[in-house]
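Let me begin by presenting the structure, written as structure tokens, before commenting on it.
The structure displayed is predicted, hence computed values, not measured ones. In what follows, chains are A, B, ... by sequence order, proteins preceding strands, each numbered from 1.
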Amino acid sequence: MFATFILALRSAGLPTSVTEHLALLNAMRSGVCDYSVEDFYFLSRATLVKDERHLDRFDRVFAEVFKGLERPEGEDHELMQQLPEEWLRKLSEKILTDEEKQLIEAAGGFDKLMEMLRQRLAEQKGRHQGGSKWIGTAGTSPFGANGYNPEGVRIGQDKSRNRSAVKVWDKREFKDLDGDVELGTRTMKLALRRLRRFARQGAATELDIGGTIKATANNAGSLDLKMVAERHNAVKVLLLLDIGGSMDDHVRACEELFSAIRTEFKHLEHYYFHNCIYEKLWKNNRRRKDTETTTWDLLRTYGPDYKVIIVGDGAMAPYEIVNPGGSVEHWNEESGKVWMQRITRHFRRTAWLNPVPQDQWRYSASTGMLSEIMEARMFPLTLEGLDGLTRELAR
Amino acid sequence: MAFKSTASYIATRDLEVAVNAAVALQRPLLVKGEPGTGKTVLAHEVSRALGMPLIEWHIKSTTKAQQGLYEYDAVSRLRDGQLGDERVHDIGNYIVRGKLWEAFEADQQSVLLIDEIDKADIEFPNDLLLELDRMQFYVYETRKTVVAKQRPIVIITSNNEKELPDAFLRRCFFHYIRFPDRETMEQIVQSHFPDVKQELAREALNVFFQIRGVNELKKKPATSELLDWLKLLMIEDLPPEVLRSADSKVVLPPLHGALLKNEQDVHLFERLAFLSRRQPQR
């Protein structure tokens with residue numbers, strides 16, 4: 001049961017496992033969700049989704065899979081037969097009185113009625129008519145027409161709140177929490193938290209051996225443990241920012257992001273480059289000539305323990321990377337690729353942060369080449385991307 | 001017995017389902033949500049609704065998983081040994097029980113709240129995997145296994161400061177407390193202040209949702225802030241008109257300190273309110 005649903009969730013990128021599937025089935029069996037569609041939605045959400053970033057994706061899949069109930073054709077057909085009957089039967093057993101059951105018998109038996117109901121379901125195609133209330137209206141109308149307890153099959157409709165079932169997941173209220181969305185004002189805060197976590201590593205306390213020995217000696221031999229807080233802020237970050245025209249907005253966002261947590265890092269240095277890294281970098285874009293440093297100096301100044309984050313859109317002509325003299329602004333003796341490799345070899349941890357949405361990367365050949373140089377350590381500027389980035393750098 | 005909204009706690013249907021599922025299947029329930037949306041209060045309400053004692057375990061950055069099970073107080077044993085105390089011979093005297101042990105040993109089924117699990121070290125949830133799954137653990141010092149007499153109902157809250165490991169999540173039910181919509185919020189206000197003047201409540205909610213609508217705020221006020229603020233308004237017995245005042249000099253709602261907790265937010269709101277009030281006159 002629900003295998004289609006679970007598989008659809010998995011193919012949408014939700015890490016749903018067999019354990020959770022079984023938990024859902026168990027919960028269904030123990031009758032937690034009362035055989036109403038809305039409750040089923042809530043229950044499956046509580047069971048299968050473990051991260052609010054996935055809620056939106058879950059809603060979409062849920063709508064997609066169970067919208068199949070309106071469509072008579074296609075693979076969802078099987079599901080349609082499976083789902084409502086079992087529920088409706090159990091539901092009616094629960095709610096209908098004996099008298100009502102007799103009435104059902106008179107009308108040709110329960111199966112007949114179910115058959116009718118299913119036909120009705122299949123007929124309803126339009127989203128407005130049957131779509132958002134497929135089971136609600138289908139429930140009340142055939143039953144109402146036949147003169148049975150209309151209260152009984154009020155599936156998916158919570159009268160008191162008059163909110164129909166499908167609407168709840170069609171609203172997609174958790175859109176903002178999706179980790180794939182680019183950084184906005186709201187997500188900025190979360191991103192900062194990720195970076196702060198990145199900056200502080202290690203356990204909070206450790207034994208101060210010297211202090212303990214001294215204190216114990218002072219205590220005439222009775223033990224007196226001394227603890228010290230472990231040093232944090234140990235992370236050193238070197239930020240290399242692409243300052244090309246198209247990058248301006250992104251660079252500002254990144255600078256804000258990193259300068260907001262400046263105090264958290266032991267060292268945070270930044271340099272600018274244009275499109276690709278060559279033999280020179282500079283500290284201040286306005287006074288570029290005065291603040292230039294050669295990349296060799298950079299490699300000599302900052303030790304391999306610095307974590308390097310390169311921020312750039314990586315979109316340029318391929319020859320800017322591979323050919324000597326490929327730079328758009330000056331004659332470079334050695335190709336960008338050589339310089340990039342020097343950097344990735346010198347520093348133990350390097351990663352590229354790309355503000356361009358990830359699904360557009362494949363349109364630019366240079367992005368692919370850079371990603372290859374970085375050994376796929378290129379991350380989009382989203383919460384998920386930052387997660388990946390910090391995980392990569394912290395390793 | 002099922003968990004339902006009470007007079008003092010309005011639970012949306014999805015929260016009820018999640019809690020009941022966790023209770024029925026005896027798995028931990030992980031609750032996330034904006035600060036101030038009633039995550040911790042939920043545990044209190046569940047324990048009240050089900051008539052079970054509540055055991056609270058508040059997590060700090062220094063909390064270790066082991067502390068929830070038990071701690072072996074080696075230092076006092078060493079000291080007792082030096083002083084020649086008789087107690088020293090039984091190691092059991094130096095085993096200090098933790099909250100989990102307490103919940104396991106309780107005669108009655110209890111509700112165990114593990115509050116703000118994300119504050120702890122990243123390994124913390126992993127260290128509790130087996131204990132929460134099997135509801136038993138082994139005490140090395142006394143060579144005994146502690147098994148839960150009744151599986152406690154475990155409610156875990158998180159503020160999302162750390163990612164929780166997948167293996168841990170897989171064993172939990174999850175609920176994200178969404179910020180309540182206006183309708184739910186009205187119910188919440190009613191349940192907390194049944195004798196509030198209707199007009200005051202309406203105006204206060206207007207102001208509150210207006211403030212929440214400002215995206216640039218550093219800390220948006222949440223339910224708990226609204227309730228504090230309303231309480232203040234009621235104590236001061238302010239007339240509802242004050243909240244609506246068309247006077248362009250008054251830009252901030254009265255007693256805004258309860259809603260805006262940050263100096264920059266107050267300035268920002270002042271500026272925005274000032275701008276929006278000036279525009280219609282032009």
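Inter-residue side-chain proximity for B:K32 and A:D51 is flagged as met; some heavy-atom pair is nearer than 4.5 Å. The shortest distance between side-chain heavy atoms of A:T19 and B:R171 does not fall below 4.5 Å.
Within the 4.5 angstrom heavy-atom criterion, only side-chain atoms of B:L25, from C-beta onward, approach chain A. The contact between B:A21 and chain A is made by backbone and side chain atoms together, counting heavy-atom distances below 4.5 Å.
One distance of note links CG of B:D166 with NZ of A:K50; it measures 9.5 Å at 0.5 Å rounding. Rounding to the nearest 0.5 angstrom, the gap separating the CG atom in A:N26 from the CD atom in B:Q26 is 11.0 Å. Taken to the nearest 0.5 Å, the CZ atom of B:F173 stands 4.5 Å off from the OG1 atom of A:T47. If you take CG on B:L15 and CZ on A:F42, they are separated by 10.0 Å, rounding to the nearest 0.5 Å. Note: B:E16 CD to A:L43 CG = 13.5 Å, rounded to the nearest 0.5 Å. Separation of atoms NE2 (A:H54) and CZ (B:F174) is listed at 10.0 Å; rounding is to 0.5 Å.
The minimum heavy-atom distance between B:R170 and A:P15, with the atom names listed, is NH2-O, 4.1 Å.
Applying the 6.0 Å contact sphere to CZ of B:R134 captures no more than 12 heavy atoms from other residues, nucleotides or ligands. Open room surrounds CD1 on A:I209; 12 or fewer heavy atoms of other groups in view lie less than 6.0 Å from it.
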